[in-house]
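Only heavy atoms go into these numbers, but all of them, side chains included; no hydrogens, no water, no symmetry mates.
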Amino acid sequence: MSMQLNRRTMLKGVGCAVGLPLLEAMLPQRSFAAEAAAPVRMAFISFPNGAIMDAWRPEGEGESFKFGPTMQPLAEVRSHVTVLTGLAQENGFSKGDGAGDHARSSASLLTGAHPIKTSGAHIRVGQSVDQAAAERIGHLTKLPSLELGTERGKDAGSCDSGYSCAYSNSISWKDATTPMVTEIKPRLVFDRLFGNSAGGIGPSRRNRVRQSVLDLVSEQAADLQQRLGRSDQRKIDQYFSSVREIEQRISRAGQQRQEVVVPEFDTPEDVPTDVQEHVQLMYDLMALAFQTDATRVITFISAKEGSNRPYRMVGVNNGHHELSHHRSDPEKIEQLQKIDLFLVGEFARFLTKLKETPEGAGNLLDNCMVMYGSGLSDGNRHKHDDLPIILAGRGGGTIKSGRHVVVREGAPLNNLFLSMLDRMGASVASLGDSTGRLKIIDA
């Protein structure tokens, strides 16, 4: 190795700043690729309307478990996956305030708090785990946190049985009364990761002149690569290829949106018409954000709670929420299992991408904690206990993965969050309805 780089080195061009993945040149010379040099990241991914739990639940416990039918796509990353059974968000249940389980499910998922129902503008739930982390470690990265989604919700009014739309539109809460805005446009997410409006041309101007962010930093990039070792050169080449490929996909998505006319339906700019492409783009942007250490905290709503989106790419033409009230109809249950399988498949693709990204002595997934789950288990009966929860990644070597862990029935989901915050260097004494740390995941 011929040079030493600071971990926060960025390539800067006119109107942009491009972060770099973890390179050997950024590590102490006597401990190339030491795992301890890599930061721990965490993401929270929600899916709506619960799951068909009979197909979700694994068979057996510990390391010898077998995935249920819904989780089969995770086979390739099994060693990095911890399936957690028995956790609950009791504040998703009604507390004498009637219907509205979907709004409560979304609002309580990461807060462990019960949202208030009011006819006025006043809202209150609690700070979410991601924002507790961002408050403590967000200053270490370009973006304190990133909040992503795929569906735009109403900005005001009631969305679920008298509950404010704010509860349905966000799983991330800066504090008890401030929901974080969810971004659904891949182009704007990309510009947040790489744009720098303080200098010269901004993202919109760059789009007009059809310039890649890599073109704008090409001279710096060429100079850097000449001074790096061969291993780092290969890593930079792979990373730049990923960035350019995502730019091209976002550009194509924007062109498709302009070409397709959907009568009486207001579609946001640059949102792909293909749901699967949209989900995959968001996952790939998340991987880039973690790879470049642009942020260490991400939330992603794969579809809003109560979403009635069809999934025609897997042969499901009826709405998801409509199907979730299946009343034991075998045809509807079969359709729901197809949706569950599709969503887990896209999650598995994301995990595989993290696993295939080298970092330190291992890979990016080794240094991540990614919770995938729903605030509902049985969507038909609106149950908020025995939730479908997966924790992927090894948290920098601190999580014993590759297991099915059965916790005490009804244990708060927020106990898991306390343990995750500890691993981020963002410890708190309590969060929502937590009762203690979930030690059972420790390596």
Side-chain angles (χ1 to χ4, degrees), residues 18-22 38-47 73-74 77 80-81 110 128-131 133-134 137-138 141-151 170-172 180-195 213 238-239 241-247 249-250 253 270-272 275-303 343-359 363-373 390-395 420 424:
V18 180
L20 297 173
L22 182 66
V40 175
R41 298 83 156 185
M42 70 179 181
F44 299 91
I45 300 164
S46 70
F47 65 89
L74 294 167
V77 290
H80 284 78
V81 167
L110 300 186
S128 55
V129 56
D130 62 303
Q131 290 306 302
I137 65 165
T141 53
K142 178 181 179 180
L143 302 174
S145 62
L146 197 57
E147 296 75 39
L148 308 179
T150 62
E151 294 180 302
S170 180
I171 58 174
S172 176
M180 299 293 288
V181 176
T182 301
E183 182 54 67
I184 71 168
K185 299 180 183 180
R187 168 64 66 187
L188 296 185
V189 178
F190 189 90
D191 285 336
R192 284 189 68 190
L193 293 176
F194 299 107
V213 294
Q238 292 170 356
Y239 165 62
S241 295
S242 296
V243 172
R244 196 175 293 277
E245 188 260 343
I246 287 179
E247 281 188 308
R249 285 163 58 196
I250 290 173
D270 282 349
V271 173
V275 171
Q276 186 170 19
E277 171 68 3
H278 194 182
V279 170
Q280 290 183 357
L281 266 174
M282 289 309 202
Y283 272 134
D284 289 349
L285 287 164
M286 289 169 61
L288 270 184
F290 279 163
Q291 186 181 5
T292 58
D293 202 29
T295 189
R296 297 175 189 173
V297 182
I298 301 177
T299 57
F300 176 41
I301 305 173
S302 62
L343 293 173
V344 170
E346 294 306 318
F347 174 58
R349 175 185 171 276
F350 170 59
L351 297 184
T352 299
K353 191 176 190 70
L354 296 181
K355 185 180 177 182
E356 292 176 348
T357 302
E359 185 173 70
N363 56 68
L364 190 53
L365 186 54
D366 288 330
N367 299 312
C368 287
M369 299 178 291
V370 185
M371 192 211 81
Y372 177 83
I390 295 171
L391 179 65
R394 292 175 174 160
M420 294 174 71
M424 296 292 292

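Note that CE of Met42 is 5.0 Å distant from CE of Met424, once rounded to the nearest 0.5 Å. In this structure, Ile390 CD1 and Leu351 CG are separated by 8.5 Å, a value rounded to the nearest 0.5 Å. Distance check: Lys185 NZ to Arg192 CZ gives 13.5 Å after rounding to the nearest 0.5 Å. Atom CZ of Phe44 and atom CD1 of Ile301 lie 13.5 Å apart (nearest 0.5 Å). The distance from the CD1 atom of Ile184 to the CG atom of Leu148 is 11.0 Å, given to the nearest 0.5 Å. One finds the CG atom of Asn363 at 7.5 Å from the CZ atom of Arg394 (value rounded to the nearest 0.5 Å).
When all heavy atoms of Pro186 and Leu285 are compared, the pair lying nearest together is O-CD1, 3.7 Å. For Leu364 against Glu359, the heavy-atom pair with the smallest separation is CD1-OE1, 3.6 Å. Of all the heavy atoms in Asp130 and Ser172, the pair that sits closest is OD2-OG, 2.5 Å. Minimum interatomic distance between Asn367 and Ala38 (heavy atoms only, all atoms of both residues): ND2-CB, 3.4 Å. The shortest non-hydrogen separation linking Gly345 to Pro73 is CA-CB, 3.8 Å. Among all heavy-atom pairs drawn from Val297 and Phe290, the shortest one is N-CE2, 4.1 Å.
Partners of Ala289 by side chain to side chain contact (heavy atoms under 4.5 Å, CB included), not counting sequence neighbours, listed by chain and number: Leu146, Leu193, Thr295, Ile298. With sequence neighbours excluded, the residues satisfying salt bridge (Lys or Arg N to Asp or Glu O under 4.0 Å) with Glu151 are Arg309. For Lys353, the side chain to side chain contact (heavy atoms under 4.5 Å, CB included) partners at least two apart in sequence or on another chain are Asp284, Ala287. Scanning for side chain to side chain donor-acceptor pair (under 3.5 Å) contacts around Ser145 gives Gln131, Glu147, with sequence neighbours left out. Taking the ring-ring contact (aromatic ring centres under 6.0 Å, His included) definition, one finds that Tyr372 meets it with Phe47, Phe347, sequence neighbours left out. Legend: residues meeting side chain to side chain contact (heavy atoms under 4.5 Å, CB included) with Glu356, ordered by chain and number and at least two apart, are Thr352.
Using a distance-only test at 3.5 Å, with no hydrogens or angles considered, a donor-acceptor pair links the side chain of Thr150 to the main chain of Ser302.
Residues Met420 and Leu391 have side chains in contact (heavy-atom distance under 4.5 Å, counting atoms from C-beta outward).
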Legend entry - Step-by-step side chain to side chain contact (heavy atoms under 4.5 Å, CB included) determination, Lys142 to Thr292: CA-CA 10 Å; Lys142 178 181 179 180; Thr292 58; over 6 Å; no
Inset, instruction - Evaluate the side chain to side chain contact (heavy atoms under 4.5 Å, CB included) criterion for residues Gln291 and Leu354: first the C-alpha distance (whole Å), next the side-chain angles of each, then the deciding distance (0.1 Å), finally the verdict. - result: CA-CA 8 Å; Gln291 186 181 5; Leu354 296 181; over 6 Å; no
